[in-house]
Structures are given as structure tokens and as C-alpha cells.
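In this chain, residues are counted from 1 in sequence order. When a ligand or atom number is given, it counts from 1 through the structure's own listing order.
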Amino acid sequence: MKLREKTALTFDDVLLVPKYSEINSRGAVTTATQITPEVHLQIPIVSSNMDTVTEASMAIAMARAGGVGIIHRFLTIERQVAEVSRVKRAESYRVDDPVTALPDTPLKLAMQQMKESDCSGLVVVDSQGKLAGILTHRDLDLAEDFSGTVASLMTPLERMVTGVPSISRDEARLLLHKHRIEKLPLLDEQGKLVGLITARDILKHRLHPNASKDQRGRLRVGAALGVRSDDLDRAEKLLAVGCDLLVVDIAHGHSNLAIDMVKQLAKRFAGVQIMAGNVVTPEGVADLAQAGAHSIKVGVGSGSICTTRLVAGSGYPQLSALMECAPAAAQHGVTIISDGGIRTSGDLTKAIAAGAHCAMLGSSLAGTNEAPGASVVRDGRRFKVVRGMASLMANVGRKEMDQGQISDDEWEKVVPEGVEAVVPHRGPVKDILHLLVGGLRSGMTYSGARTLSELQDLAEFARITGAGITESRHHDVDKI
Ligand code: XMP
């Protein structure tokens, strides 16, 4: 047994000392970062792989704002793949595999297909894959008789405008505008459908200039995995639909199980971006990096819904964990993600200043419209549920997913390391991100830093006392 001499610190234990600054506006700084050395983001925020935080809607909103979402793993493989697929299909420079129908498909079936695939139109092709027409809401909205086939209501080929596969996005935009149409099918020399450019995608690109996108203009998304034998199969299926980042996520990431899983992923799927965690020591960072991870999640027991430190007596205060892990990450050429415990933009700024490339947020985002689950009303106010992934109900839900209905004995075997809770309903996630990033930008100007790496170089933390914390919060006034 030994005792560390150094006191480990967390966000509330310190403040960043303001430094001389020539940056007179928050607009003069950039929050660009990397989630892995290869994948760049415009804001250093990642939504947590929790079942009350990130499914497709959250991941879409996060990527549009310049961050990224990690789809949680407490779903069947098929459902998780479908969530990732929804994000990847949400927008792109061009759709390479548009949803199609045959001319003789019954209209009702085609409309069902549109609903299920979340598409506002179907491209109609014949049995050889040649373009025959298009069926969009314009063809359907004012129609009365839906008993026929797609051919009865579609806009036929002769009335359509099409493009060649090599068309540039600007040429496509001009054509779409000139003809006041919404969809431009791309045809090869034989008239076969090879892609689709939509006005909606071009508009989205204008609306979200900071969006995190892959080379094909699709939104980026990550997905979490465990360390079970079927997780390799899960990984393969997630990658097949375009998942950008695999996240090996177990509570104690500095373990043979996590290290072996990372090694297997790195070997089987060469070039795939891998995040792994969670750890709080430089040794943990080094072992996962050497196994093949590109990004390491740092944080044990720091999350708002975690009780690991109470249940297991194990963990490490978050700020020290980051400060101690950052040099190891730099040495191994990997990034680190601060996971858990971020309540304010001030905490976010401190986490980045302490060496994190990004921060992963759970309960701060769980109250937003895009988080899974409906809101509940309590005493006239709206809330949303957030639960730890090691909470009683999450554990039971997981067992039920694997085994069906479980016995009382199985309930009793659970030793939770997390809680179920509610957070206030907070509207769209973009509003929360705006406040967090605005605060971070402000923090950067106080440190005289134009970039996040300058913030890390210039940051000087001062330890504060309980009195300092009291002084930091609003005090001696009644808050309204
Ligand atoms: P915040 O503070 O942002 O933290 O809500 C989110 C992170 O908490 C972790 N997490 C857990 N940790 N027991 C734990 O000890 C749990 O049940 C639990 N559920 C989530 C996770 O790292 C998440 O990103």
C-alpha cells in the first residue's frame, strides 16, 4: 500500500489566471480541434455514448454544430447500425445510393418506403437501373387516388432535368435553381442512375458551415462498443454503413479486456479510427495507445450520474487526471477526451486548458430536445430523464435485451455504479452548444489564446480555497 503525496484536483479546485491579451473579441479565436489526430472538429464537444444522451437525432445536431455524437451501445446491433446509418444519410455532397422504386411498385408501398427511409422523394428506375422518373411530395401532396402504381403519379423522365456524374456542386446548384427543382439525378452514358444531388443538401451545407463531415460530405458519427465477442461483428456492421469512429467503452479501460479489444479492432480494420477508455493514468493512456487507439477517454467516476467513487472507492479527480494524462498522450501521438463532470463552460475551458482535445458531455446535453426520450412534467416544469449506464435500470435493461424477461435473482445481482435522475428540459442542443462555446471563447481571450493549443501553452491554474469557490459563484444576492 502507498499514498500519493500530491493532492489530486478537479475543476472547482482551480481557476485560470487571467493573462495579458491582445484579443479583443471572442470572434478572433478558433475552437478548432481534433477528436483523433486525423479527424478534425470545429468545436471540442462530443456527446456522450449514453442511452439518454446520444442516438441519431443528437448525433446529427452535434455534427451540424461542428462537434460529434457517439451512439451508445445498449442497442441491438441492428438498431445501433440503423442509428449510425440515419446520421450518415442525413446529408451529403451527393447521394451515391439514392432510395429507389420500380415504376410498378404500388404507391402505398412507395409512400411507406419514403417514410421509413426519411426521404422526401424516390427516384424511379426500371429493372436495368435506368432512370424512369421521380416521385416526390409535389407529385403526392394534392393527389386523391393512391390505389395505382408509382408510374401513375411520378414525374416521368421526359419532364425531368438530370446531370452527368462529373457535375460540380456549383453547377448542380445553378441547374436546381434555374429549373426550380429539388432533386437532380445523375446519370451515366447509358442513362443509369449513379447518384443524386438535392437542393436540401446544398442548403444544409450553407446553413451549417462548421459541420463535421467526412470526405463525401456526410455528417461524422461515432459508435460505442463493448469488449464481448460479438462486438467485432458489431464493429464490422457499423463500419459498413460509414461509422467514422469506433469507441471501445468500458468503465475500467486500463484492463486486458479493453487493450485486447483495441488490438483486435486495429488489426482487423486497419486505418479505422479508434477511441478507447476510460482511464485516468498516463500508463492507461500509453497502454491503449500502444494497442492501437487514436484517442483516449479520460475520466473515472467524474460523471454527474456516477457513483463509482462511492461504490468502489476508486477514481481520480478530473483536472489532475487530464494534466497527468496529457503528456503521455502527446508522447504517443494520440488525443485525449475529458469524459464526465463538465457542468459549465468554465469547466469546459479548464478541461481543454488542462490538455484535453475535446470534452464528452452527458447530463449537460441530456435535457435537450435531441436527447432520446420524452420530457416529463413535475410541479409544472418539464424535465428529461438521464441515467448512468451502470445504474440499476440501465443494467436491468441491458440484461433484458440479452436474455429477455429476467428473474428476481438477476435483479438482485446488480450492483449499480450510477443513478437515474432528471434534468431540466433545455430546448435545442444548438442553444446549449452556443453558450458552452461562447464561454470557451471568452475563457480563451482571458488567457490571451487564439487557439486551443495556445490556451494549453499559456494556461496557468491557481489553486483556490472553499472561500474562493464561494466568491466565484453569485453571492450575497437573491437570484431571480
Ligand atoms: P456527465 O457529468 O457529463 O458525465 O453527465 C457523463 C459520463 O459519465 C460516465 N458514466 C458513468 N460513470 N457510472 C459511472 O461511474 C455510470 O452509471 C455512468 N454512466 C455514464 C460516462 O463516461 C459518461 O460519458
**Item:** Side chain Lys399, main chain Gly404, donor-acceptor under 3.5 Å
**Value:**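 No; judged by distance alone, with no hydrogens or angles, the pair does not exist.
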
**Request:** State plainly whether the residues Glu91 and Arg200 are in salt-bridge range, i.e. N to O under 4.0 Å.
**Result:**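 Salt bridge flag = no for Arg200 with Glu91.
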
**Message:** Under 4.0 Å between a side-chain nitrogen and a carboxylate oxygen: does that hold for Lys413 and Asp408?
**Reply:**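 A salt bridge is absent here (no side-chain N lies under 4.0 Å from a carboxylate O).
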
**Asked** Using the ring of each side chain (for Trp, its six-membered ring), is Phe74 parallel, tilted or perpendicular to His72, with breaks at 30° and 60°?
**Response**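 The arrangement is parallel - the two ring planes meet at less than 30°.
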
**Prompt:** Among side-chain atoms of Glu417 and Thr307, is any donor-acceptor pair under 3.5 angstrom?
**Reply:**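 Distance-only check fails for Glu417 and Thr307.
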
**Residues lining ligand 1 [heavy-atom distance under 4.0 Å, listed by chain and residue number]** =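 Within 4.0 Å of ligand 1, protein side: Ser48, Met50, Asn278, Gly303, Ser304, Ile305, Cys306, Thr308, Asp339, Gly340, Gly341, Met360, Leu361, Gly362, Ser363, Gly388, Met389, Ala390, Ser391, Glu417, Gly418.
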
**Qualifying residue for salt bridge (charged side-chain N to carboxylate O under 4.0 Å, His left out) with Asp244, from Lys213, Arg218, Arg220** =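 Testing Asp244 for a salt bridge (charged side-chain N to carboxylate O under 4.0 Å, His left out) against Lys213, Arg218, Arg220 leaves exactly one candidate, Arg220.
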
